[in-house]
Amino acid sequence: QNHGYRTLSLSGHVGFGSLPEQLVKKSIKQGFCFNILCIGETGIGKSALINSLFNTNFDDPVSTHFLPRVQLRAQTYELQESNVLLKLTVVDTVGFGDQINREHSYQPIVDYVDAQFEAYLQEELKINRSLFSYHDTRIHVCIYFISPTGHSLKTLDLLTMKSLDSKVNIIPIIGKADGISKTELQNFKNKIMSELVSNGVQIYQFPADDETFSEINTIMNGYLPFAVVGSTKEVKIGNKMVRARQYPWGIVQVENENHCDFVKLRKMLICTNMEDLREQTHARHYELYRRCRLEEMGFTDTGPESKPVSLQEAYEAKRHELYLELQRKEEKMRQQFVQRVKEKETILKEAEQQIQTKFEHHMLMHQEVKQKLEKKKKVLENEIALFIEKKANAELLRSQASVSTPVVTLKRDKDGK
Amino acid sequence: GSSLEPEEQSMEPPTVPEEEMPLATVPGPAGCQMFGYVGIEAVLDQMKVKTMKMGFEFNIMVVGQSGLGKSTMVNTLFKSKVSRKASQPGQQERIPRTVQLQSITHVIEEKGVKMKLTVTDTPGFGDQINNDNCWDPIIKYINEQYERYLREEILITRKRKIPDTRVHGCVYFVPPTGHWLRPLDLEFMRRLSKIVNVVPVIAKADTLTLEERAEFKQRVRASPQGAPGVPCVPLGAPLKPHLPQIQEDLKAHAISVYPQQDFDQDPEDRALNDRIREKIPFAVVGADQEHQVNGKRVLGRKTKWGIIEVENAAHCEFPLLRDLLIRSHLQDLKDITHNVHYESYRVRRLNESN
């Protein structure tokens, strides 16, 4: 970077040696963001580990095993240590590995990681943007919990890690490692690492290029994957309260390096490499995402004649394309609307027809019934008229017959009937 | 098991107290109480190591008529021969007929911090009979640097570290005659303060009027020559009798010089910057020759009535300028350039295509 420029020697104290301090002061004012993604099966100790790492008790509800699919749950906390303000976001994979069919377990995770990159990219592409006050949600490190089976990696583990290794820094750890004996542990670790290598999974390597940290980082690289134990409870040992898990046969101390690699994990993750993790996420993983995405959107750096495409042209072309797309969509929607209206109209017409026919049918029926009734009415009226006539005749005869003999009357009555 | 530093036995934090976090009153990050030392503050050291390895870039532009001591000033600021001057005192430097811009880049190192310093000089500015639009080449240059950065930033495959040639600070030299601002000064500062951080200074402040000279002589004579810390007549009065008027002029023309009031981040910033703003423009003297004063070697200008010590705050305001530009606000100059001026340029540029 400094090639070709003359080096000048200073004849006195200038004062720019304070630059790193000035920069640090600014960063302190701005605060730091750190986002951790924890992937592991339900019950493998993700919450306990995070609590132990940051020496606090985040309120995390316990999950069930019966979720239909993997969900990602993100929670942000503000931690402060002396004058450093850390905005810590912990993303948990709820329900990972619980389903019977786990083919799609890793997809929501990949989608989530991509979504954070996308959000940052959108902000970066805005015309009026405010990157320096943007709350960075991109995942800086993915802690992958391996089940302490003692044998090898599961297929799900390999698949998931492979799909994420070019998007996040992966640190694999063995969860609930208090169930593995010392002798089994080293074999297990070796097996895991060789499987990762043979499957081409790129995990995060602690950087060994800077002399300040290269020695410790190289040593720690050899301890991967870290076998950790986490605990939310404290046990009294001697005269101190320490985080530990109490068993009938002994106490496993989280922060005892003889018992597990927890202290190493914390040192590597926070004390030594937090800044590098953030930088790798921004300079490597995000740039890769951005490049792929821009190419997908149709941007190129060089035009058809290998001449650099000007920004203006690129934006114009894109805007034009989007405008055409917009037109197309509008047209489609309009046609759909017209279609729907037509359909509705025909339906209504049919209904109308039906009602019309029914109405006519009913009218006909009504007519027929009416005619029938008219006829009946006439018949009845005739009968009534006849009856009245007969009754009148009968009355007449009766009044005449009251003077003559009863026998005749009887006969006549019979006849009269 | 391995034995690491004792501080890793973390249940006994030696000095870090439990921090009571105020719970957030809006939904969002929840405050959490930490029960012991975790090591988060180690990230500060990590940052320092990273930035020391990367090195810094700083680009400064000096603008003013020829003969105002711009080159000397830069050399005094950076205690090295950054700008080349006429080697013989009698040699006439040819004044160019239009404003030229010349950039020189050097690498300097102090306390393990490497800095790539670029100084852009503007010979010919204000030297013509007709100085109309003499600021145009300067504005063009500044915008060109923004353009360069923008092009790098929008590439699909872009560099890990985009080379920064943007001008972080523009030191504008006001001639000492009159001690107030001329139309050229106002016009220049008005235009430039919109696109770059402008720091106006009164140059060659050792050239005083007769009246002021007498007062100054008196001041120097009253104290043993150059003894630092001897209280003298307050600096503002004799050297900058028209300071209030200058500041008024700036306000009247809505010229916002660095540090701009709009960008004060918090009350602490504001208080610090207010103190600086009270004294702007600084009255400076440049010198790159050392003299013997009271048994010490000091940078200064030798005059018939005494040695003006450049770094003596009682003699001139050079220390204030140096502190502002280098010791306290260097990073801030770069940040304002990146977050404000560059962003404005970007917005203008991207809206152009509409």
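With rounding to the nearest 0.5 Å, the separation of CD1 in B:Ile108 from CZ in A:Phe16 is 4.0 Å. Distance check, rounded to the nearest 0.5 Å: CG of B:Leu117 to CG of A:Leu8 gives 8.5 Å. One distance of note links CG of A:Asn128 with CG of B:Asn351; it measures 7.0 Å at 0.5 Å rounding. Interatomic distance, A:Phe32 CZ to B:Gln46 CD, rounded to the nearest 0.5 Å: 9.0 Å. Taken from OG in A:Ser18 to NZ in B:Lys111, the straight-line distance is 7.5 Å, to the nearest 0.5 Å.
Comparing A:His13, A:Met274, A:Arg278, A:Arg129 by how many heavy-atom pairs each has under 4.5 Å with chain B, the most go to A:Arg129. Contact tally against chain B (heavy-atom pairs below 4.5 Å) for A:Leu19, A:Ile219, A:Ile270, A:Leu86: the top residue is A:Leu19. Of the listed residues (A:Gln22, A:Lys26, A:Glu287, A:Glu279), the one with the most heavy-atom contacts under 4.5 Å to chain B is A:Gln22. With chain B as the partner, the residue from A:Leu23, A:Asn273, A:Asp276, A:Leu288 showing the most heavy-atom pairs under 4.5 Å is A:Leu23. Looking only at heavy-atom pairs under 4.5 Å with chain A, the residue among B:Leu77, B:Leu325, B:Asp332 that has the most is B:Asp332.
Contact annotation for A:Arg284: neither backbone nor side-chain heavy atoms come within less than 4.5 Å of a heavy atom of chain B. Looking at B:Ser344, there are no atoms closer than 4.5 Å to chain A (heavy atoms on both sides), in backbone or side chain. Of the two parts of A:Phe34, neither the backbone nor the side chain holds a non-hydrogen atom closer than 4.5 Å to a non-hydrogen atom of chain B. Heavy atoms closer than 4.5 Å to chain A are found in the backbone of B:Glu109, but not in its side chain. Only the side chain of A:Ser27 comes within contact range of chain B, with at least one heavy atom under 4.5 Å from a heavy atom of that chain. The part of A:Val84 that comes within reach of chain B is its side chain, from C-beta onward, which places non-hydrogen atoms under 4.5 angstrom from that chain. Heavy-atom distances place the side chain of B:Asp335, and not its backbone, under 4.5 Å from chain A. Proximity to chain A is absent for every atom of B:His338, based on heavy atoms less than 4.5 angstrom apart. Residue A:Arg291 touches chain B through both its backbone and its side chain, counting heavy-atom pairs closer than 4.5 Å. Looking at B:Arg327, both its backbone and its side chain come within 4.5 Å of chain A, counting heavy atoms on both sides. Proximity to chain B is absent for every atom of A:Thr89, based on heavy atoms less than 4.5 angstrom apart. Contact of A:His259 with chain B is not made at all, since no heavy-atom distance falls under 4.5 Å.
Under a 3.5 Å cut-off, the side chain of B:Glu343 and the backbone N or O of A:Ser130 do not form any donor-acceptor pair.
B:Glu268 and A:Lys25 are not joined by a salt bridge, as no carboxylate oxygen comes within less than 4.0 angstrom of a charged side-chain nitrogen. Contact check on A:Glu275 versus B:Lys53 returns no salt bridge, with no Lys/Arg side-chain nitrogen under 4.0 Å from an Asp/Glu carboxylate oxygen.
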Please walk me through it: do A:Asn83 and B:Leu44 pass side-chain contact (heavy atoms from CB on, under 4.5 Å)?
-> CA-CA 10 Å; A:Asn83 55 353; B:Leu44 298 178; 4.2 Å; yes
Go through the steps for A:Glu295 and B:Ile156 under the test side-chain contact (heavy atoms from CB on, under 4.5 Å), then give the verdict.
-> CA-CA 8 Å; A:Glu295 279 171 0; B:Ile156 292 186; 4.1 Å; yes
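Nearest heavy atoms, A:Gly15 versus B:Glu110: N-OE1, 2.8 Å. The shortest non-hydrogen separation linking B:Ala42 to A:Cys271 is CB-O, 3.3 Å. Of all heavy-atom pairs spanning B:Lys48 and A:Val24, the tightest one is CG-CG2, 3.7 Å. Between A:Ser9 and B:Ser80, the shortest heavy-atom contact is O-CB, 3.4 Å. Residues A:Pro20 and B:Met52 approach most closely at CG-SD, 3.6 Å, considering heavy atoms.
With sequence neighbours left out, the salt bridge (charged side-chain N to carboxylate O under 4.0 Å, His left out) criterion links B:Asp266 to A:Lys29. With sequence neighbours excluded, the residues satisfying side-chain contact (heavy atoms from CB on, under 4.5 Å) with B:His341 are B:Tyr146, B:Asn197, B:Gln260, B:Ile336.
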